[in-house]
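These notes concern the structure reproduced below.
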There are 2 protein chains.
Amino acid sequence: MREDVTSAVGAYRRIKHGILDLTYRPGRKLSETTLAEQLGVGRSPIRTALARLEGEGWIEVSPQSGTFVRALSEREIGELSELRGILETHCIGLAVERLPDAELARLTAAFDELGARARRGDAEAFIELDNRLHELSYDTADNALIAQTLRGLRDKVQWIRRACAVSGSRVLDGLTEIEGIHAALVQRDAAAARARMKQHIENAARFCRMVEARPRRVRPDRAPPA
Amino acid sequence: MREDVTSAVGAYRRIKHGILDLTYRPGRKLSETTLAEQLGVGRSPIRTALARLEGEGWIEVSPQSGTFVRALSEREIGELSELRGILETHCIGLAVERLPDAELARLTAAFDELGARARRGDAEAFIELDNRLHELSYDTADNALIAQTLRGLRDKVQWIRRACAVSGSRVLDGLTEIEGIHAALVQRDAAAARARMKQHIENAARFCRMVEARPRRVRPDRAPPA
DNA sequence: AGTCGCAGACTAGTTAACAAGTTGGGCAGT
DNA sequence: ACTGCCCAACTTGTTAACTAGTCTGCGACT
């Protein structure tokens, strides 16, 4: 594995990776001491990594008690999807106006090639295509803050999908949806693109309920955050 | 001052407060050792606080070199305003639909009382009124994630305003703007409310260029972020 | 049998000392 | 006078030991 600049960012990457691939499932306890031993570093880099993960909403620290992978409530999943819908809709609307024809042609080529593979059940091809579409719209929107926010939200959505074990048939439905968005792009129809993107986002995180690894108490919550 | 739960959150509050009230101006170096001595704690709580502030985008840490209060470029200010505009517009649109008449009546009363004071030049009254309007729309939108994001963005905008020493005449202009939004709320006119809110946000952070405390080099940037 | 209390083994929070790297000023050589 | 090197001071990164709070399970008492 590539050598990390600091122990802290290495720990961050490995722990987040462990959360995303469900090695550390929602509700699971993450002991600083244990993680430090497993990663072969002291507790400080672990604490730095955990602080960042807490800030990004992946984990929850209960003082003097434990650190746990967060499970998102249905409400939180809904809030997350609402925010994502607003921003993705905004970006795709701008892409309709601003995306250069040359870029659009390359996207169309990708849809021709990867779309065919996805239709034969290649989930990787679908994910690649989905990424291309979204990232292209982020680039076009030309707002690093919004793009960064959206990437964080997408991480969460994909994590939720995995934690819910959504069926593979979503791939075909999803493909149909993004093909519709692509068609709207080609026709330079902003209203259709926005409406279809909204629908796409709403479908993405629907009917999900996270299952925690173990039941656990609610956070003691000794102090309200600033 | 209220006793803090942990040294780390106390340090976070005091350092952030120092940034907001311009005690620590953009570009200024924040030494962990010095801060630890000033606040009477060890370096660890300071590091925890700084990590959080870095995550929120207030400071920038250069390894083995120093920690600096970030200065926002015109571009970043623009991006920030764009995001804020999108979300505030969304919230005020929902408020038009959902805000109960009783709540609206209380807001109108506040406009009568505080508005008069603001028109006589009471900046505090204007800020209070502005807060009431925005917070009410956040509550109505009923999305904690969006509300939290918006509060963070508002912190930044108010900080920018202070760092740019925007003239006091903005108070009267701002009052006129939010009175217009209030009027649209009363008339239950979503389109007008959204348009006026958009204009209000755009005006808020216009013509600002941050002045750093001291010139300094760009960050060494030894490693690309994850 | 059921319940209360205590003790021990955890947890995260904090500290101080040490390691590794950067920075800037002063001195020597040209 | 100017240039280049070097060293000393200061920076954040990391570690291990210590502190204080929480939880769990065993045991005695009711």
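Just so we're on the same page: letters track the sequence lines, and every chain starts at 1.
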For the side chain of [X], starting at C-beta, report the closest nucleotide among [options].
X: A:Val61; options: C:dG13, C:dT14, C:dT11; result: C:dG13
X: B:Thr67; options: D:dT14, C:dA12, D:dT12; result: D:dT12
X: A:Arg47; options: D:dT22, C:dG13, D:dT14; result: C:dG13
X: A:Glu32; options: C:dA12, D:dG13, C:dT14; result: C:dA12

Using whole Å, report how far [atom1] of [X] lies from [atom2] of [N].
X: B:Ile59; N: D:dT11; atom1: CD1; atom2: P; answer: 15 Å
X: A:Glu60; N: C:dT11; atom1: CD; atom2: C1'; answer: 16 Å
X: B:Leu35; N: C:dT14; atom1: CG; atom2: C1'; answer: 17 Å
X: A:Glu54; N: C:dT11; atom1: CD; atom2: P; answer: 17 Å
X: B:Ile46; N: D:dT12; atom1: CD1; atom2: P; answer: 11 Å
X: B:Leu39; N: C:dG13; atom1: CG; atom2: P; answer: 18 Å

A:Arg98, CZ: over 12 other non-hydrogen atoms inside 6.0 angstrom: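 Correct, the count exceeds 12.
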Geometric class of the B:Trp58/B:Trp159 ring pair [parallel <30°, tilted 30-60°, perpendicular >60°]: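 Ring orientation, 0 to 90° scale: perpendicular.
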Polar side-chain contact A:Gln64-C:dT11 base: donor and acceptor under 3.5 Å: no
Whether B:Glu32 side chain and B:Arg43 backbone form a donor-acceptor pair below 3.5 Å: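 Checking the backbone N and O of B:Arg43 against the side chain of B:Glu32, no donor-acceptor pair under 3.5 Å is found.
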Just to be sure I understand the rule, does [X] reach a base, reach only the sugar-phosphate, or reach nothing, if contact means heavy atoms closer than 4.0 Å?
X: A:Ser31; value: sugar-phosphate
X: A:Thr48; value: nothing
X: B:Leu30; value: sugar-phosphate

Phosphate OP1/OP2 of D:dT11 contacted by B:Ser65 side-chain N/O (<4.0 Å):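 B:Ser65 to D:dT11 OP1/OP2: no side-chain N or O under 4.0 Å.
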Short side-chain N/O contact from B:Thr6 to OP1 or OP2 of C:dG13, under 4.0 Å: no
Pair B:His200-B:Glu88, side-chain hydrogen bond (donor to acceptor under 3.5 Å, both in side chains): steps then yes or no: CA-CA 10 Å; B:His200 178 52; B:Glu88 290 277 9; over 6 Å; no
salt_bridge(A:Lys156, A:Glu56) N-O dist < 4.0 Å: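 A:Glu56 and A:Lys156: not salt-bridged.
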Residue closer to the 5' end of DNA chain D, A:Arg43 versus A:Ala8 (nearest nucleotide):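 Counting from the 5' end, the first nearest nucleotide belongs to A:Ala8.
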